[in-house]
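Model, not experiment: these values are computed from the prediction.
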Amino acid sequence: MSSALSRRNILKLAGGSALGFLLSPMPWKMLDDISIWTQNWSWIPKLRRGPVTHKYTSCTLCPNACRVNARMISETPVSLWGAPDPCVGHSYLCSVGLAGHHLAYHPSRVRNAHRFTATENGISSEQLSVEDAIAHIAKILHNIHVRPEEGEFALFDCRPHGMVSDIQQIFLSHVLGARYIVPDHHEGRFMRALMEMTEDPGQSYGLDFSRTRTLLSFGVSLFEGWGISPLVVEQFRSRREEFNIIQIDHHQSSSSIVADTHIAIKPGTEMALALGLAHVIVGERLYDPASAARAVDLKRNKPFSFMDLTRRFPPGRVASVTGIPEDVIVRTAREFASNRPATAIADDFAPAELIHSVWILNHLVGATGKNGSVVQKRPLPQPWKGAHRTPPTRLRNVPDHSLRLLMIDASAADTTVSWPDLRRKMRAENATIVLCSPYRPKRGESVDYLIPIHAPYETVRANPSGEYVATSAFQISTPLWSKSEEGCETWQILQRVVSASGAMTKEEFAQLEPEELLRLQCDAIFNSKRGTIHHPNNDETIPLGSVLSSGDFYATLMEGAAWSDDGVATSTNGRLFLMGKSTSSAQRFAESVLAFDNAGIDSNPSFPLLVVPVGEDVAARFGHVSPILSKIYQESDLKPRSRFAYLHHETARRFKLAAEQRVIIHSPHGATEAIVRCDSSVRPDTVQLSVSQLDAISPTRPRIINSYGGRVYTDQPIFVRIERARS
């Protein structure tokens, strides 16, 4: 792998965080274009003369809930910056967050409801009032309520996290037959996998990087993705010399560039590497004795013990499977086991067996229940604890062609879902999809109704901390400008539709306003008498007990303060189940290991190159980003372009291809054209393509997830061959 930093590499480093973005060299042409754009856009706000002030709030574009310092001119936000954070230390806004104040003026912004109809010439759009749209949708729901055989009603929550999701689940529990659907993969899946391996039911956990010495990352976008980015950036800045990052990735990314060690792995073999590292740790007795004593299936289990499975992955075999030298595997295992506190992490969207294998590494080195690794935390106090909820259903578990009416809460900007997967759940005839979004649907999103909701920073929103921080926290995202009169929140639209349809069995929560819900949440936190309040204006932290009343607490949060919970004493007394607590989970893990052991990911000789999909798929994401960011991506080559195929120089020579040559990429199911680009950061025997190129070479659209971080997973490996295009 080449260690030289090219212009593209430097810009890739800048792509996901302010860490590199503010220092990266910007092409003069791009700056000139942006200057012209920003002077001539018709939809941008016209600033009035006025005082320069600062307002503190929090970002809602992803579950990280980063603290925001908004620079205001005449009550209009002109720039956003990170602010002190009680849980992280300081928030560093990603590139999307830095431009979050642009989203209210996005060119795709809508102010009125629309109905879309398929015609011979395409899709026609009819503008109508929100009241009329709700009346039409309520009539459909009434028919479902009267005649259930017509199909089901469901709400698809793009980001199932926080107070609003709780309210939606409680509300739907009073609607007969209603489903509450969540994405197959979303933030917190990695942490929740720990529940399947411990005897601590109902416990919540977070990552404490304040004293971590070794971070072993299996493909996680540390600096440009969601989830743990604020935690990593703070430690990267404040403890760079003692914070060691080992990045395991199949392509060069911003994380691999800045990592202390980058291990370039063959795509799809990460689980084999994790088990190979475990083989070395167990074989050389580098594991934590206390954790080993708690692991009931380390040596004894029927029909397999954990040692039985790891014996199948000695370093030599793992080296042949993953393409990583044997000495690197052994050295990495020793470093991870000896340089503690150490933590291994995997992407929320990674295959379940890989997440399981990574947790095994954490258990072996005693990372669970230890400061500097994985710690317990108290859940956020809730005012409706014990209320009946409609249980969440994963999208993949919804029967095909079962939904008659689907409402989509697209208020989250970070959710990516395969639109064909969603359409497949709808009935073949008379199915209706309602999109609740501030923006017009993108290409590929086939909806019947669009109802506008508030854009980011337009309304008051509850903003609990992400699931990865070591302590629970809560803050209120206060508006930076007046909310639009046309918009509302998705759960309010749901209330109005259900109430008008007559399908609701109980009127609980039917008339509550957002501010009332926030006050209920604040009352629950205040009554707990736990935690502290941090004031960003004077950088002062006070105990919650010093606040006189719940009303004062609410007012303090509305001024931009944040509440964070107290830490809890960690406990490591329960038993560990390395292969899974339940018999079924242990069997699934063993079967996945044996299946990999027998099959691997051998390619077809007729299709010798493995596809590495990277980049972002805007068409598969419900949220929007600032047009300026799109311009930066295009001009800087920050994201792979859809018309290029990136090959290693050796691979290009092997197939007698030259840079800038037009080629045809064939898979067993399709083909697409591209232009060859040679890049030494691409693994030999692979071809790196952007996500948007997968449609042509894959029979069904692969699952596209975590597109902000550039990390893409597909259900099955895709193999191709390349030949020169005819002139």
Side-chain angles (χ1 to χ4, degrees), residues 113 130-183 186 382-412 415 417 422 425-427 429-437 447-451 453 462 488-514 516-517 520-521:
V130 172
E131 289 72 20
D132 288 343
I134 289 176
H136 294 171
I137 300 165
K139 184 177 180 180
I140 297 173
L141 181 57
H142 174 76
N143 293 336
I144 295 173
H145 183 63
V146 175
R147 294 186 292 274
E149 66 276 7
E150 287 196 359
E152 299 181 1
F153 165 59
L155 173 73
F156 182 72
D157 190 350
C158 291
R159 186 194 297 163
H161 175 70
M163 183 188 73
V164 171
S165 295
D166 290 336
I167 292 301
Q168 290 178 157
Q169 285 182 265
I170 296 172
F171 189 83
L172 287 172
S173 69
H174 303 308
V175 182
L176 293 177
R179 282 184 182 269
Y180 176 72
I181 304 175
V182 298
H186 56 83
Q382 292 185 355
W384 34 82
K385 186 176 182 180
H388 182 63
R389 291 171 168 81
T390 297
T393 302
R394 302 285 181 186
L395 181 61
R396 69 161 70 96
N397 296 329
V398 177
D400 290 349
H401 312 299
S402 63
L403 301 181
R404 170 70 172 85
L405 174 62
L406 176 65
M407 291 184 62
I408 301 174
D409 180 3
S411 57
T415 297
V417 66
L422 204 57
K425 306 302 178 182
M426 307 304 297
R427 290 179 64 88
E429 297 180 358
N430 300 324
T432 301
I433 296 181
V434 181
L435 179 65
C436 301
S437 170
V447 303
D448 300 285
Y449 289 91
L450 168 66
I451 300 182
I453 60 176
C488 55
E489 299 292 346
T490 302
W491 65 270
Q492 293 175 299
I493 298 172
L494 177 65
Q495 287 177 341
R496 294 165 65 181
V497 168
V498 173
S499 297
S501 70
M504 193 171 185
T505 61
K506 188 176 179 182
E507 292 298 317
E508 188 176 8
F509 296 108
Q511 304 300 325
L512 288 178
E513 294 296 323
E516 295 180 72
L517 293 176
L520 289 174
Q521 178 68 80

Partners of D166 by side chain to side chain donor-acceptor pair (under 3.5 Å), sequence neighbours excluded?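 Side chain to side chain donor-acceptor pair (under 3.5 Å) check on D166 returns Q382.
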Measure the CD1-OH distance between I170 and Y180 for me, rounded to the nearest 0.5 Å. 11.0 Å
Is it the case that the side chain of S165 and the backbone of R159 share a donor-acceptor pair, with hydrogens and angles ignored and the cut-off at 3.5 Å? yes
Gap between atom CH2 of W384 and atom CD of Q169 - 0.5 Å precision: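 So the CD of Q169 and the CH2 of W384 are separated by 12.0 Å.
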Sequence neighbours left out, what passes side chain to side chain donor-acceptor pair (under 3.5 Å) with T390? Give chain and number order.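 T390 satisfies side chain to side chain donor-acceptor pair (under 3.5 Å) with no other residue.
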Salt bridge (Lys or Arg N to Asp or Glu O under 4.0 Å): which pairs involve residues 132-141, sequence neighbours left out?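 Qualifying pairs, neighbours excluded: none.
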Derivation and outcome, side chain to side chain contact (heavy atoms under 4.5 Å, CB included), residues I493 and I137: CA-CA 10 Å; I493 298 172; I137 300 165; 5.9 Å; no
Within a strict 4.5 Å, meaning less than it, do heavy atoms of the I144 and E152 side chains meet? no
dist I134:CD1 -> C488:SG (nearest 0.5 Å) comes out at 6.5 Å
Let me confirm one number: the CE-CG distance from M407 to L435, rounded to the nearest 0.5 Å.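 Nearest 0.5 Å value for the CE-CG distance: 10.0 Å.
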Once rounded to the nearest 0.5 Å, what's the spacing between atom CD of Q492 and atom CD1 of I167?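 So the gap between those two atoms works out to 11.5 Å.
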Does any part of the side chain of F171, heavy atoms only, come nearer than 4.5 Å to the side chain of L155, both counted from C-beta?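 Not touching, per the 4.5 Å side-chain cut-off.
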Between L406 and L422, is a side chain to side chain contact (heavy atoms under 4.5 Å, CB included) present by the stated rule, with each step listed? CA-CA 10 Å; L406 176 65; L422 204 57; 4.1 Å; yes
Side chain to side chain contact (heavy atoms under 4.5 Å, CB included) assessment of H136 paired with I140: CA-CA 7 Å; H136 294 171; I140 297 173; 5.8 Å; no
Sequence neighbours excluded, which residues qualify as side-chain contact (heavy atoms from CB on, under 4.5 Å) partners of H388? S173
Just verifying a value: how many Å separate I451 CD1 and L494 CG, rounded to the nearest 0.5 Å?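 CG of L494 is found 10.5 Å from CD1 of I451.
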Is there a donor-acceptor pair under 3.5 Å between the side chain of D409 and the backbone N or O of C158? no
Under the side chain to side chain donor-acceptor pair (under 3.5 Å) rule, collect the residues that match up with Q168, sequence neighbours excluded.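 With sequence neighbours excluded, Q168 shows a side chain to side chain donor-acceptor pair (under 3.5 Å) to D157, given in chain and number order.
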I'd like to check V434 versus V497 (side-chain heavy atoms, cut-off strictly below 4.5 Å). Are they in contact?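 No. Closest side-chain heavy atoms not under 4.5 Å.
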Please name all residues satisfying side-chain contact (heavy atoms from CB on, under 4.5 Å) with P148, sequence neighbours left out, ordered by chain then number.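 P148: no side-chain contact (heavy atoms from CB on, under 4.5 Å) contacts found.
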Any chance you could lay out the side chain to side chain contact (heavy atoms under 4.5 Å, CB included) test for E150 and N143, step after step, and finish with the verdict? CA-CA 8 Å; E150 287 196 359; N143 293 336; 3.9 Å; yes
P399: what forms a side-chain contact (heavy atoms from CB on, under 4.5 Å) with it, not counting sequence neighbours? R179, S402
State which residues pass side-chain contact (heavy atoms from CB on, under 4.5 Å) with D400; sequence neighbours excluded, sorted by chain then number.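 side-chain contact (heavy atoms from CB on, under 4.5 Å) check on D400 returns R424, K425.
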Would you say P183 and P160 make side-chain contact, with heavy atoms under 4.5 Å? yes
With side chains defined as the heavy atoms from C-beta onward, is the minimum distance between V130 and R496 less than 4.5 Å? yes
Tell me every residue that passes side chain to side chain donor-acceptor pair (under 3.5 Å) with E131, counting only those two or more places apart in sequence or in another chain.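 For E131 there are no side chain to side chain donor-acceptor pair (under 3.5 Å) partners, ignoring immediate neighbours.
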Is the closest side-chain heavy-atom distance between I181 and L403 below 4.5 Å?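 Contact flag for I181/L403 side chains = yes.
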Pairing residues for R427 by the salt bridge (Lys or Arg N to Asp or Glu O under 4.0 Å) criterion, not counting sequence neighbours: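 Checked R427 against salt bridge (Lys or Arg N to Asp or Glu O under 4.0 Å); zero matches.
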